[in-house]
Amino acid sequence: MSTFSKEGFEIYIVGGAVRDFLMHKTIVDWDYTTNATPELIMSLFKDAYYNNQFGTVGIPSQDTFLKPHEITTYRTEHGYSDNRRPDKVSWGTSLFEDLKRRDFTINAMALGLNKNRELKASEIPAIIEEKTKLMLYLHDPYNGKLDLEKKFIRAVGDAAERFGEDALRMMRAVRIATELNFTIEESTLDAIKSNAGLINKISGERIRDELFKILCSPHPEEGMLLLDETGLLEKILPELKKTFGVEQKSPQRHHIYDVGTHLINSLKEVKTTDPIVRLATLIHDIGKPQTFKKQKNNVITFYNHEVIGAQIANQIADRLKLSKNQKDKLTRLVRWHQFSVDEKQTDSALRRLIKKIGPENIEDMLELRRADRIGSGARETSWRTEEFKKRLIEVQKQPFTVRDLKITGYDVMQELGLKPGPKIGEILNELFSKVENRQIPNEKEALLLELKSLNKTKPIS
Ligand code: ATP
Ligand code: MG
């Protein structure tokens, strides 16, 4: 900041960093705004680099564990005909103009060196840096500091107008309120309620990024309830909205909550911070509204809800532009969440289940089950579940495919002096089925020995 200042430029810390500073939190993202253009900034710092897409100049931090400092030239934005982005962005001329385009009062504050103007008597330095004795002053034209103290998310200017410019700001309001445990101020909340439909103009990727941040915050269940209250949930996850009020309390059933409430309760309990596991937990029963049936004896059933659920999960994954791997994991977790922990299952049935869920997803599947149980008012686990977990570990010691054998086609060729050909695969398959049936262990020595005896009993040439 002193480098900018010495060269006669204005420079301010802005955004999340100011918020975190005033809340006495550790600052992770250092964002700045200045009247210097990117070209000028580049000439001031030899290791600076320009990110054209965001119009931001990055300067690597001297502490290697910190993220780079990100500096953006003052901006003003005009015309938002598509409710998504400004038609035109141009360089602004003052800090005030730059703060005006920001979304919420707590995000529209700046910390600056303030060398450029006479100080008012009311202004006291917000910070004095130990080493350099630099003094920083808070610039707060929208009373963000007061809102921060009151724990309010309040739009800068007219809320409805601001959401009309960029509808994603409505999700940001919910996301930031959830992350910080703040309340959305009343007129801002009303504006979200009456403009919620505009969210559908926003791309799936941008909605997903905010949704994942909500899901991964310490109280995702609060965030989901807020999404519901604002009317945004109905727009972004209509299938989830439909689960609220779907009754499942009935004779012979353990459920005490309606489907939607159970899903929110389950999300509250999930510990891993993988957004896909959290999303899967949130939507695991999403197929229930479509499969609801009340029998003559008043028993409620949801046959095959996990099959319908997996189809819906697939559609949600496409809408939120999940990657192929994310989509695969999400649908598998929803599809198989009803897995049985019955001790009478055979080893091979268990191995089939593992293949369907995917060995890499087993831990997450068990975590979903744990959250599902607590979320429906049951105990965290049962002796059956604990026994089942032990068996899962046991049966996974056995190979799943020929490729998991501790011997390769090359070994077979060398041992038996064979040339490459279909014969090699046949031999490997035979060895594999012996290992799978526990006739021989999956160990190189034992497999080589078996090869030799195979050769003796029915010579291979
Ligand atoms: P964090 O990085 O902790 O999520 P942040 O406030 O830094 O919080 P960013 O998404 O990094 O959030 O955005 C930086 C700043 O840019 C915000 O503080 C806000 O002033 C402004 N901003 C970001 N997105 C928008 C938007 N859609 N509309 C208006 N201003 C925005
Ligand atoms: Mg940030």
Side-chain angles (χ1 to χ4, degrees), residues 12-34 51 53-58 66-80 82-89 92 95-112 138-145 147-148 152-182 184 188 191-192 195 198-199 201-203 205-218 223 232 275:
Y12 298 91
I13 304 171
V14 282
V18 183
R19 222 172 55 207
D20 291 343
F21 166 72
L22 291 174
M23 293 174 80
H24 309 286
K25 286 190 187 170
T26 311
I27 301 171
V28 237
D29 280 340
W30 290 90
D31 294 326
Y32 304 79
T33 187
T34 177
N51 184 333
Q53 194 193 347
F54 298 105
T56 301
V57 176
L66 279 180
K67 289 192 198 155
H69 300 269
E70 298 202 321
I71 303 151
T72 316
T73 307
Y74 293 157
R75 271 197 261 172
T76 53
E77 300 173 347
H78 329 259
Y80 299 82
D82 61 0
N83 309 109
R84 282 190 287 191
R85 57 181 116 70
D87 302 334
K88 195 172 157 235
V89 179
L95 172 70
F96 187 74
E97 249 181 324
D98 188 87
L99 295 181
K100 194 171 171 222
R101 73 171 172 93
R102 294 177 184 265
D103 47 9
F104 306 110
T105 60
I106 59 165
N107 285 346
M109 295 183 274
L111 282 168
L138 183 69
H139 297 257
D140 182 16
Y142 301 103
N143 280 323
K145 190 163 180 272
D147 282 338
L148 205 60
F152 272 164
I153 309 288
R154 185 198 306 270
V156 167
D158 181 77
E161 200 176 298
R162 303 308 309 280
F163 297 143
E165 293 169 357
D166 176 2
L168 188 76
R169 289 173 185 156
M170 299 187 285
M171 291 251 348
R172 283 180 54 90
V174 174
R175 189 261 289 182
I176 299 170
T178 310
E179 283 180 339
L180 300 179
N181 195 15
F182 277 28
I184 302 178
T188 303
I192 300 181
N195 290 283
L198 291 180
I199 198 68
K201 303 228 178 180
I202 299 296
S203 72
E205 289 92 333
R206 290 178 83 202
I207 294 176
R208 174 202 59 212
D209 289 349
E210 294 300 327
L211 181 66
F212 278 12
K213 285 185 185 173
I214 295 173
L215 288 174
C216 292
S217 65
L232 289 167

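All ligand and atom numbering here is 1-based and tracks the order in the structure. For reference, positions follow the sequence shown, starting with 1.
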> Which of the atoms of ligand 1 are close to Asp166, meaning less than 4.0 Å from one of its heavy atoms?
Replying inline: 26 (C), 27 (N)
> Which atoms of ligand 1 sit under 4.0 Å from any heavy atom of Arg102?
Replying inline: 15 (C), 16 (O), 19 (C), 20 (O), 21 (C), 29 (C), 30 (N)
> Hey, does Arg101 sit under 4.0 Å from ligand 1 if you only count heavy atoms?
Replying inline: yes
> Salt bridge or not for Arg162 and Glu165, using N-O below 4.0 Å?
Replying inline: yes
>> Rounded to the nearest 0.5 Å, what separates atom OG1 in Thr26 from atom CG in Asp20?
In response: 8.5 Å
> Going by the order shown, which atoms of ligand 1 are within less than 4.0 Å of some heavy atom of Arg175?
Replying inline: 4 (O)
> How many angstroms lie between CD in Glu70 and CG in Asn51, if you round to the nearest 0.5 Å?
Replying inline: 7.5 Å
>> Can you tell me which residue among Asp103, Thr105, Asp147 is in a side chain to side chain donor-acceptor pair (under 3.5 Å) with Arg154?
In response: Asp147
> Do Asn83 and Asn195 have side chains that get closer than 4.5 Å, going by heavy atoms?
Replying inline: no
>> Can you list everything that forms a salt bridge (charged side-chain N to carboxylate O under 4.0 Å, His left out) with Arg175? Sequence neighbours excluded, please.
In response: Glu179, Glu210
>> Would Leu168 count as a contact residue for ligand 1, given that I'm defining contact as a non-hydrogen atom of the residue lying under 4.0 Å from a ligand atom?
In response: no
>> Can you tell me which portion of Asp103 lies within the under-4.0 Å heavy-atom range of ligand 1? Options are side chain, backbone, both, or neither.
In response: both
> Could Asp29 and Lys67 be called an ion pair, given the rule that one side-chain N must be under 4.0 Å from one carboxylate O?
Replying inline: yes
> In ligand 1, which numbered atoms sit nearer than 4.0 Å to a non-hydrogen atom of Asp29?
Replying inline: 2 (O)
> N/O of Arg206 under 3.5 Å from N/O of ligand 1, yes or no?
Replying inline: no
> Would Glu179 count as a contact of ligand 1 if the rule is a heavy atom under 4.0 Å away?
Replying inline: no
>> Using a 4.0 Å cut-off to any heavy atom of Gly15, which atoms of ligand 1 qualify?
In response: 18 (O)
